[in-house]
Structures are given as C-alpha cells and as structure tokens.
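Below: one structure, written as structure tokens.
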Amino acid sequence: MFDKRFRDRISVRKQEGLYRNPLVIEKREGRFVTIKGRRVLSFASNDYLGLGASKALAARVGKHFNAFASAAASASSSRLVAGNYDTICRAEKTFAEYFGYEDALFFPSGYQANLAILSTLFETGDTLLFDKHVHASSVKGMALSAATLKGYRHNSLAHLEKRLNAVPLGNRAVVTESLFSMDGDLLPVKALGQLKETHGFYSVVDEAHAFGVLGDKGRGIAHGVADIALGTFGKALGLFGAFVLLPQGVKEYMVNFASPFIYTTALPPAHALAAVDALELVEQGDHARKTLGQVSVAMHEALTRQGFEVFGDAHILSVMMGDEERAVRVSRELLLRGILAFPARFPTVPLGKAILRLGMTALHREADIQTLVNALKEVA
Ligand SMILES: Cc1ncc(COP(=O)(O)O)c(C=O)c1O
C-alpha cells in the first residue's frame with residue numbers, strides 16, 4: 001500500500017529529473033571537500049565567512065563542549081521543563097544587543113524557527129503577504145498558521161502594494177527575505193520601509209543569508225524595517241541552530257504558545273557559549289567580508305563575460321540552467337572535473353528554472369574563479 005505509493009512517487013521524480021541522492025562528504029578542509037576519496041573544490045556551502053572550517057572557532061566550540069560541569073553538551077529537556085540554562089538566556093541577550101533588537105530566542109534550526117514564528121503568531125482572520133520565493137520553512141509555517149495567504153511576485157514591491165491595497169487594514173503581515181537563498185538578490189529594503197510607513201503592516205524578514213556578512217559588522221540590512229528577523233547559526237556563523245530577533249512581548253508569547261519551541265529539547269548550554277564566540281568572530285570579520293565581496297563580484301563578472309546568465313547581488317550567485325536534467329548533468333560533469341556546485345531544482349526553485357547555485361565564501365581565491373569558469377565553459 002504505502003510502499004507502492006512511495007515507490008511510484010520516487011519513480012516519477014526520477015523520470016522528471018528531480019530525484020535527490022545527496023553526495024557523501026567524507027572530509028572538509030577549507031574550501032575543499034573529499035568525495036569518494038577525491039578532493040574537490042566546493043561552491044556548495046553557506047559558510048560565507050569560512051567560520052565553519054575555522055580552527056579558531058572549532059577550538060572554542062570544543063572547549064565549551066568539554067567544560068562538562070558548567071556548559072553541558074545537552075540541555076536534556078525543553079526550555080520549559082529544565083532546559084532554560086542561564087548560558088542560553090545570556091547568549092540571547094548578547095545576540096539581541098548585537099543586532100539591535102529588544103530580545104532574541106534560540107531554536108535548534110532555522111527551519112523550526114520559521115515554522116514556529118509564522119504558525120504561532122498568525123491565525124484565522126490575519127493576512128500574510130509573502131514573497132513567492134521565500135524559503136520552504138516559511139511556506140510551511142504560513143500554511144500551518146490558518147491565516148489568509150497572498151503571494152506577491154518575487155521582490156516586486158509594486159505587486160506587494162497592489163496586494164496591500166486589496167486587503168483590509170488591520171492584521172496583516174509581510175513575510176520576506178533580505179538576501180534570497182536561491183536567487184541571491186537583495187530585498188529593496190528602503191522601499192519596503194517606505195511601504196510599511198504608508199500602508200502599516202507587521203514585517204517578518206528572514207536574514208539567514210545576510211547576517212554575518214551584509215550591513216555594518218554583519219548586522220544585516222533589515223534593521224528598522226523588520227519587526228521580527230530570523231538568523232541562522234548554520235551559515236555565516238559556522239555553527240548550527242538559529243536565532244529569532246524580536247520584541248520582548250513577542251518572545252513571551254512564543255515561549256507560551258509556540259509548539260515547535262515548547263516541545264523540543266533546547267540547544268545545549270555549550271552551544272550558547274560557542275554561539276557567543278562565533279558572534280565575536282563575526283564582529284572581527286571585516287577582512288573576511290571584504291574578501292568575500294571581492295571574490296563574489298569577480299565571479300559574477302567572469303561568468304557574465306563568458307556569456308552565462310548569472311543572477312545574484314552578493315555572495316550567492318545563480319547560473320541559469322533552465323532544464324532540470326541539464327542542471328544535474330552540468331553539476332555531475334563539474335564534479336568529474338573536481339568542482340562541487342549544487343543544481344537547485346523544483347521545488348526549491350520554479351519548474352523549468354533550474355540553476356547552478358554558487359555559494360561564494362571568504363575562503364575562495366582568484367584562481368578558483370578561473371577553475372570554475374573554465375570547467376563550466378567546457379561542460380555547459
Ligand atoms: C532563507 C532560509 N531560511 C531558513 C533556513 C533554514 O535554516 P536551517 O538550515 O538552520 O534550518 C534556510 C536554509 O537552510 C534558508 O535558506
């Protein structure tokens with residue numbers, strides 16, 4: 001019964017070129033990973049500042065996880081039971097202060113955080129206006145909220161305004177991202193702020209790919225426009241888990257009503273200490289941010305010069321492939337030439353708009369750009 005359904009669906013996925021079978025990474029050293037014993041150059045991570053591969057951060061994380069008595073490697077229960085460690089509470093305050101928000105709330109993952117925010121804060125009678133390219137976790141969170149959902153064209157504030165004019169004033173919120181995870185383009189944040197002033201709405205901005213990299217000392221670009229912002233530890237901060245920046249009253253509400261927060265084991269106290277260390281490294285990361293900016297611009301220009309259709313305003317670049325099978329084939333051929341680049345396909349991106357997603361990092365060098373461009377010219 002169920003088995004047949006599962007088999008049939010997998011078989012359709014294969015026919016459509018949408019089947020997933022993630023590669024096994026045996027080892028990572030800086031911008032290189034080892035796959036089937038071969039060292040390949042990776043453009044497939046979100047480790048924008050290189051902290052995920054940094055010995056300095058690893059040493060500090062190790063130290064905290066080893067300090068058994070004070071930090072503990074597991075919270076061993078939900079925050080609402082016996083997991084509300086002082087180290088976590090203090091780390092949340094540090095994050096709120098750094099990013100300029102009233103308070104913060106940590107989550108085991110960004111997926112869970114988006115699910116929690118959107119499904120808890122919004123309900124029947126509310127309207128959520130959302131950019132059609134927001135992350136799957138936001139889509140799932142909105143779907144669980146029972147609010148009325150109105151999508152607007154990707155990054156089109158003109159379309160958002162049209163939508164705003166058509167929905168009643170009152171309980172309405174806009175859900176968007178500051179740097180889009182697949183398209184790599186930036187939210188026109190100033191224009192969104194102006195729209196917020198004229199039309200009055202609540203705003204939830206996912207800064208998962210911007211925090212740590214964009215804005216002064218990596219503080220993101222949506223401060224002052226976002227009522228609630230989401231960041232993850234698993235990208236530029238080189239760790240795992242997520243933080244939500246929010247007003248104190250909303251934190252209180254989440255702690256009391258957010259099922260994905262209440263009924264889950266808290267991140268380890270040792271993680272909270274490591275997160276504060278990661279933030280310290282982010283603050284000191286001007287050099288890495290500058291390098292990342294330079295290699296990203298250089299890659300964008302080099303690909304464009306070779307005639308590729310490239311999108312992306314910052315460190316996430318997408319090279320248009322269109323056909324799903326072509327994207328997979330190109331990625332496979334690149335791997336044979338020692339390069340790892342992720343073919344993003346439906347449902348991650350719209351059907352027929354498959355891309356090769358390049359995640360640039362501060363670890364990349366000028367020579368890597370030429371390596372990628374030459375190989376891509378050969379295979380695409
Ligand atoms: C925009 C965006 N939000 C949220 C997430 C989820 O974060 P996490 O990986 O911590 O679950 C991701 C990707 O992973 C993302 O790209």
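When a residue number appears, it is its place in the shown sequence, counting from 1. We count ligands from 1, going down the list as the structure has it; atoms in each ligand are counted the same way.
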For Phe99 and Phe211, take the angle between the two ring planes, folded into 0 to 90°, and tell me which bin it lands in: parallel under 30, tilted 30 to 60, perpendicular over 60.
tilted
In this structure, does ligand 1 have an atom that sits under 4.0 Å from one of the heavy atoms of Gln112?
no
Kindly confirm or rule out an N or O of Asp206 lying under 3.5 angstrom from an N or O of ligand 1.
yes
Path from Val40 to Phe43 over hydrophobic side-chain contacts below 4.5 Å:
no
From the list Met321, Glu309, Met320, Arg345, side chain to side chain contact (heavy atoms under 4.5 Å, CB included) with Ile355 holds only for Met320
Which of the numbered atoms in ligand 1 are under 4.0 angstrom from any heavy atom belonging to Thr232?
7 (O), 10 (O)
Atom indices of ligand 1 within 4.0 angstrom of Glu177 heavy atoms, with elements:
1 (C)
When you measure from the side chain of Ser296 to the backbone of Leu292, do you find a donor-acceptor pair of N or O atoms at a distance under 3.5 Å?
yes
Would you say Gly110 and ligand 1 have an N/O pair spaced under 3.5 Å apart?
yes
Which residue holds the protein heavy atom closest to atom 16 (O) of ligand 1, what is that atom called, and what is the gap in Å?
His209 NE2, 2.6 Å
Mind checking whether Ser181 contacts ligand 1 via backbone (N, CA, C, O), side chain (CB onward), both or neither, at a 4.0 Å heavy-atom cut-off?
side chain
Strictly distance-based, threshold 3.5 Å: is any side-chain N or O of Ser331 a donor or acceptor partner for the main-chain N or O of Ala341?
yes
Looking at atom 12 (C) of ligand 1, what's its closest protein heavy atom, distance included?
His135 NE2, 3.3 Å
Hey, quick one: are Leu157 and Val134 part of the same hydrophobic cluster, counting side-chain heavy atoms closer than 4.5 Å, chains of contacts allowed?
no
Of the protein's non-hydrogen atoms, which lies at the shortest distance from atom 11 (O) of ligand 1, and what is that distance?
Tyr111 N, 2.9 Å
Aromatic contact between His133 and Phe180, with the criterion being ring centroids under 6.0 Å apart: yes or no?
no
Kindly work out whether a path of hydrophobic side-chain contacts (I/L/V/M/F/W/Y, heavy atoms less than 4.5 Å apart) joins Leu179 to Phe243.
yes
N/O separation below 3.5 Å, Ser137 to ligand 1
no
Residue, atom and distance of the protein heavy atom nearest atom 9 (O) of ligand 1 read Lys235 NZ, 3.9 Å
Please classify the Asn114 to ligand 1 contact at 4.0 Å (heavy-atom distances, strictly less than): side chain, backbone, both or neither.
side chain
